[in-house]
Amino acid sequence: MSEAPSGQNIEGETPSAEPVVETDEATVTENAELERTLGLSGGLAIGIGTMIGAGIFVFPGLAAGRAGPAAALSFTIGAVIALLVALPTSELATAMPKSGGGYYFISRGLGALAGSVVGLSLWLGLVFATAFYLVGFGYYAVDALGFLGVAVGESLVIPIALLFGAGFTLLNVTGTENAAKLQNGIVALLLSILVVFLGFGILDAVGLVGEPTTPERFAPYGTFPILTTAALVFTSYLGFAQVATVAGEMKDPGRNLPLAMVGSVVIVGVLYVVTIFVATSAVGSNALSLAGETAMVDVGRELLGPAGGFAIILGGLLATMSSANASILSTSRAVYAVSKDALLPGRASRINLKYGTPHVALGMAGGPILLLTATGRVEVLAEVASFLHLVAYGLICVALLALRRDEPEWYDPDFRVPGYPVVPIVGGVASFALILFMQPLSQVLGFLIMLGSAGWYFYYARDVKLKGAL
Amino acid sequence: MTRVLMPLAVLEGESVAYGLMDLLGTMDVTVLGCHVLPEQTPADQAREQYEERAVSGLEDTAEEFRKAGGAADYRLVFTHDRQQSVERVADEVDARAYAINGATGDVERLLVPLSGDVAVDRILEFVTELVGDRDIAITLFLASESDDADDLLQRSAQRLRDDGIDVTTERVVSDRPFETLIEAVPNHDAVVVGEAAPSLSQFLLGDESERLAAASVGPVLVVRRETAGDGAEE
């Protein structure tokens, strides 16, 4: 067994930890057992459900406008980077199958300072991501109203997004029963809509059905925009790490965690690339770009008529909703993981007596989410979210390298990264490199948040020691 | 001794009825403090806040069971899926049956339905041990349209009588075994049933023993189906 975490924060709270035994079915502490209740399908649903909303339903228009049909390449770059990080994350998650995800691995592998920066920036990164999903949802809601004959215009996007953001937070506080089953159902429905739609789109694109379209140049704006677009759309791949935040609840984590993380990245990656291919083939990247956030509705209409447009609107509503909801939950778990280690006040992880839900943590998710949603800056929200996650991803790779070099006695992962050390090194470098291709405003915001997180650590919890403390 | 699992929502203030505690006096009991959480709440987070209170409640309950007769211990589980946790712990402590709590005073008469696809031998064995040398009468109940039913009922009654138990039998010809069973519950203080194989109706309507417990108000003891581990130790 390793040493326990030590030290205390400015309020005199100490990291709470007690020795546990992990089995495939439960985490056993001295007096209690914590049941593992999520299976592989539940893990995949979290990963896919979080990711699919952005990449397919919000980004195609924005991405095609920047990179042309080569946006498909941007999504491929994102998928490869995500995969290179998902593999090291899987190894760490099977070695430490605890809730908290990336934060936990980094704080144990690299220490409390890196842990605080990542823990707090992951919390805020998720807040940015959720705000981004909500704004996307707002666009689809306005389109849906338009489809029903209520033309309200884009001025209602933000109010609708705010309304639903507040609604989801409230729903989570008061306890939604069977939310996970609902989430699984939504993901299954989405996947079926997409498979039908993309199947038809591929036939159309290769010219077997529908009107012939004139091919356009693959990369009309050159190669640099492909990379900046990759940085923008990386938000579409943030969900796999959310699987790691529920690592403590996965059954048979040694098998299910790697499968759920790698599997969800591969599935959504393929779907994204095919979607861009189909979308740019069907209506061309110029038309896509003009239609903005809900460009996919035009693609649906073009391929399958009004019914196709309706299916995409429905899919977009469900997908952005499930992404937003899943991210609110992940955010509250991120807050809990950090406050458990005394890096935030312990109050943050209190559970509501009436509903049995972590209302403070949910509030610390919902409040800032609404604030950011109000800005309505889709691209900046997405990029800052990616920025903060990419820093964490890069550090996850570094943490893996550090742990493998020392191989402490407790380090015994069920899954080991193939191609070590190349995979984590390339994954880490690529994660940090992608940040360089973002717009300056996003970089400045992301950097300030990290700086603020580090400042918070030195002010609040300088004495807390977490390195190597399981 | 045979072990019975007693799941208990200890944090919601649930306590075991006096009569049930007494009835289980011939058994070893594992009290399972089971706290079901909404999905938003990580199990560990709930543990930090509630563990102490739950453990003190469980210690008290286990102590009461010890006073009532058998050996008793407790486990505490925080879970999002009650059924999964009950099954797992029942397997781990090798429990022969699990109890569904319900209000009752002194138990004088048990209802033991043998309807449906249940392991009659296991049920009778369990009932014999549960009654022991106490003055508890049994009603064997069978709702069936099959001709073999009377035969099964008489053979089973004889087996219990051989062990000195006071048995009455009740045979109903019906294609609605569950409803007729509910009608038979009054005049009995508790029910011992066999765990049915998973079925479509169980999926649609919920577990039959849970529905029985809800409809009868009193406690229900569910004799578990044979599990892989059983053969080895006997």
Side-chain angles (χ1 to χ4, degrees), chain A residues 16-18 20 23-39 42 46 98-100 169 171-183 245-246 248-249 251 325 328-329 332-333 335-337 339-340 346 348-353 355-359 361-362 365, chain B residues 5 7-14 30-62 73-93 95 203-204 206 227-229:
Chain A
S16 83
E18 67 179 278
V20 299
T23 73
D24 280 351
E25 293 158 322
T27 301
V28 184
T29 68
E30 192 193 343
N31 282 322
E33 296 151 51
L34 316 172
E35 195 83 33
R36 296 178 173 274
T37 48
L38 273 176
I46 290 176
K98 316 252 190 196
S99 298
T169 310
L171 216 61
N172 277 313
V173 170
T174 55
T176 41
E177 255 186 66
N178 298 325
K181 274 176 201 148
L182 192 66
Q183 178 89 353
T245 64
V246 293
E249 290 156 54
K251 282 185 264 194
N325 197 44
I328 292 176
L329 284 187
S332 91
R333 277 182 165 62
V335 170
Y336 165 62
S339 87
K340 184 179 165 148
S349 47
R350 292 299 292 177
I351 293 173
N352 186 300
L353 290 177
Y355 301 112
T357 51
H359 60 297
L362 284 166
Chain B
L5 187 68
L8 200 65
V10 67
L11 282 168
E12 276 140 53
E14 189 186 1
T30 297
V31 185
L32 174 62
C34 200
H35 193 52
V36 182
L37 303 160
E39 285 145 10
Q40 298 88 315
T41 314
D44 198 39
Q45 193 168 354
R47 180 187 68 80
E48 301 216 333
Q49 193 160 335
Y50 297 126
E51 183 174 41
E52 218 170 302
R53 195 148 60 85
V55 166
S56 102
L58 286 169
E59 266 167 1
D60 292 349
T61 311
D73 56 10
Y74 67 86
R75 303 271 291 259
L76 173 61
V77 177
F78 292 91
T79 182
H80 295 109
D81 183 342
R82 182 175 188 277
Q83 191 64 33
Q84 182 188 323
S85 299
V86 170
E87 291 278 335
R88 177 178 63 83
V89 176
D91 278 341
E92 283 177 12
V93 302
F203 177 74
L204 293 175
T227 47

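Below, each value reflects all heavy atoms present in this structure, side chains not excepted, and no hydrogens, waters or symmetry copies. These numbers were taken from a predicted model, which means no experiment stands behind them. Here is the naming used below: chain letters follow the sequence lines, and residue numbers restart at 1 for every chain.
Between the side chain of B:T79 and the backbone N or O of A:E35, no donor-acceptor pair lies under 3.5 Å. No side-chain donor-acceptor contact under 3.5 Å links B:Q40 to the backbone of A:T357.
Heavy-atom pairs under 4.5 Å with chain A were tallied for B:R75, B:E51, B:Q49; the largest tally goes to B:Q49. With chain A as the partner, the residue from B:E52, B:Q84, B:H80, B:E48 showing the most heavy-atom pairs under 4.5 Å is B:Q84. When A:I328, A:T29, A:L362 are compared by the number of non-hydrogen pairs under 4.5 Å with chain B, A:T29 comes out ahead.
Of all heavy-atom pairs spanning A:N31 and B:L76, the tightest one is O-CB, 3.5 Å. Here the closest heavy-atom approach between residue B:P42 and residue A:Y336 is recorded as CG-CD2, 4.1 Å. The two atoms that bring B:A46 and A:I351 nearest to each other are CA-CD1, 3.3 Å, heavy atoms only. The minimum heavy-atom distance linking A:S349 with B:Q45 is given by the pair O-NE2, 2.8 Å. Listed here is the closest heavy atom pair of A:L353 and B:Y50: CD2-OH, 3.7 Å. Across all their heavy atoms, B:P38 and A:G356 have their closest contact at CG-O, 3.4 Å.
To the nearest 0.5 Å, atom OG1 of residue A:T27 and atom CZ of residue B:R47 are 9.5 Å apart. Between the CG atom in B:D81 and the NZ atom in A:K251 there is a gap of 7.0 Å [rounded to 0.5 Å]. Of the inter-residue distances, the one linking B:E39 atom CD with A:N172 atom CG reads 9.5 Å to the nearest 0.5 angstrom.
The contact between B:V55 and chain A is made entirely by side chain atoms (from C-beta outward), counting heavy-atom distances below 4.5 Å. Proximity to chain B involves both the backbone and the side chain of A:R350, based on heavy atoms less than 4.5 angstrom apart. In this structure, no portion of B:E59 lies under 4.5 Å from any heavy atom of chain A.
Ion pairing of B:D44 with A:K340 is present here, as a side-chain N (NZ or NE/NH1/NH2) and a carboxylate O approach within less than 4.0 Å.
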